[in-house]
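No hydrogens, no waters, no symmetry mates; every other heavy atom, side chains included, goes into these values. Throughout, numbering of the chain's residues begins at 1 and tracks the sequence.
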Amino acid sequence: MSLSSISPNKPMTPPPKPPMRPPGEDGVKLSSNVTMLPPRTPNTPPRGTLYRNNSIPTRMVENITLQDAMGNTGVYNGPVIVEEHPAVPPMSSMPNPMDDPDAPPPPLTDISLEDEKPPLPHGKYGQMVYMDHDQFLKFTGDWDQGHWTKGTCLYTNGNVYSGPWNEKGQPHGPNGKLEWVVESRAAPGSGGGGQDTRTYHGDFHNGMRHGQGTYAWSKTGAVYQGAFVKNQRQGYGTYRDPSTHIEY
């Protein structure tokens, strides 16, 4: 092609860039020892695997003693946060940004769990068995920088809650489920009494039943469905008790 055939007013089209592979298919290599793996599944990665949860580098650990964000100590299995620091190369090998503004950044290296800063649980499918806590026995579920976000807690008194949480470790949000046992009293000479399992499924706010939900008594089969305000039935709702045929 001659130079005369090229129009001076027509911009030259740059060559197309190769398509970028989306992360998550078979892992995106970040450096020689940091890899972003595909999204996790219930098949837990091996211990020591380094990957990212919400852009935060994490590593799988097994049976290590650490603290959550509230300062509670327990034995933990699951993903924890690890720090990343630039690996500083020798001065002679450091690129000059003025020479090559598109030069890649230095590679990343991870800090081991033995460093000064203790790791925080972060990610899905983490389990903490608490040590000598007066309220929490075990939590299994999702973590965000040491805080519970969604999962199941077994309390020391036998109560079980599954659902969303706030940063204070309280049930908070929609679609939570709480199950607990109450020692029921019986009228003199009736021969009744004993334990009655209660369940509540619905909205929680700062640890209290608040919003719309369903409250059930296992012993009688009674069910209330409707509004709650600070743990109390309040507002519109319906109550049915098949043992007494009471409805209102």
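Side-chain contact check for Leu120 versus His147: every heavy-atom pair is 4.5 Å or farther apart. Residues Lys219 and Thr197 fail the side-chain proximity criterion, which asks for heavy atoms closer than 4.5 Å. When side chains are defined from C-beta on, Met131 counts as touching Thr65, because their heavy atoms get closer than 4.5 Å. Contact annotation: the side chain of Pro119 never approaches that of Tyr76 to less than 4.5 Å [non-hydrogen atoms, C-beta and beyond].
Not a single salt bridge (Lys or Arg N to Asp or Glu O under 4.0 Å) links Asp68 to another residue, sequence neighbours left out. Qualifying side chain to side chain donor-acceptor pair (under 3.5 Å) partners for Thr244, counting only residues two or more places apart in sequence or in other chains: Asp241. For Thr238, there are no side chain to side chain donor-acceptor pair (under 3.5 Å) partners two or more places apart in sequence or in a different chain. In this structure Lys168 satisfies the side chain to side chain contact (heavy atoms under 4.5 Å, CB included) test together with Asn166, Gln170, sequence neighbours excluded. Partners of His210 under the ring-ring contact (aromatic ring centres under 6.0 Å, His included) rule, at least two apart in sequence or in another chain, are His205. In this view, Asp132 satisfies the side chain to side chain donor-acceptor pair (under 3.5 Å) rule with no residue, not counting sequence neighbours. Take Asp134 and apply the side chain to side chain contact (heavy atoms under 4.5 Å, CB included) test, not counting sequence neighbours, and it matches no residue. Qualifying side chain to side chain donor-acceptor pair (under 3.5 Å) partners for Ser218, counting only residues two or more places apart in sequence or in other chains: Asp196.
Between the Thr149 side chain and the Asp142 main chain, a donor and an acceptor come within less than 3.5 Å of each other.
Hydrophobic side-chain contacts under 4.5 Å tie Val160 into a cluster, directly or through other members, with Leu137, Leu154.
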Which pairs of donor and acceptor atoms, one on a side chain in residues 223-237, lie under 3.5 Å apart (sequence neighbours left out)?
{"unit_1": "Tyr224", "atom_1": "OH", "unit_2": "Ala227", "atom_2": "N", "d": "3.3"}
{"unit_1": "Tyr224", "atom_1": "OH", "unit_2": "Ala227", "atom_2": "O", "d": "3.0"}
{"unit_1": "Asn231", "atom_1": "OD1", "unit_2": "Arg209", "atom_2": "N", "d": "2.7"}

List the atom pairs, with distances to 0.1 Å, where a side-chain N or O of residues 171-182 and a protein N or O form a donor-acceptor pair under 3.5 Å, not counting sequence neighbours.
{"unit_1": "His172", "atom_1": "ND1", "unit_2": "Asn206", "atom_2": "N", "d": "2.9"}
{"unit_1": "His172", "atom_1": "ND1", "unit_2": "Asn206", "atom_2": "OD1", "d": "3.4"}

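With hydrophobic clusters built from ILVMFWY side chains whose heavy atoms lie under 4.5 angstrom apart, Met60 does not share a cluster with Val75. Note: the hydrophobic cluster containing Tyr215 also contains Tyr239 (ILVMFWY, side chain heavy atoms under 4.5 Å, direct or indirect links). Residues Val129 and Val61 do not share a hydrophobic cluster, clusters being chains of Ile/Leu/Val/Met/Phe/Trp/Tyr side chains in contact below 4.5 Å. Put simply, Met70 and Val80 are part of the same group of oily side chains (I, L, V, M, F, W, Y) that touch within less than 4.5 Å, one to the next. Residue Tyr155 is grouped with residue Tyr200 when hydrophobic side chains (ILVMFWY) are merged at heavy-atom distances under 4.5 angstrom, including chains of intermediate members.
When all heavy atoms are compared, the tightest approach of Arg198 to Trp217 is NE-CD1, 3.0 Å. Closest heavy-atom contact between Gly169 and Phe136: O-CZ, 3.9 Å.
Using cut-offs of 30° and 60° for the angle between ring planes, the Trp143 and Phe139 rings count as perpendicular.
Put simply, CD on Glu62 and CG on Asn77 are 6.0 Å apart, with the number rounded to the nearest 0.5 Å. Note: Thr140 OG1 to Met128 CE = 11.0 Å, rounded to the nearest 0.5 Å. Distance check: Gln145 CD to Thr58 OG1 gives 11.5 Å after rounding to the nearest 0.5 Å.
More than 12 heavy atoms of other residues, nucleotides or ligands shown are found within 6.0 angstrom of CD on Gln135.
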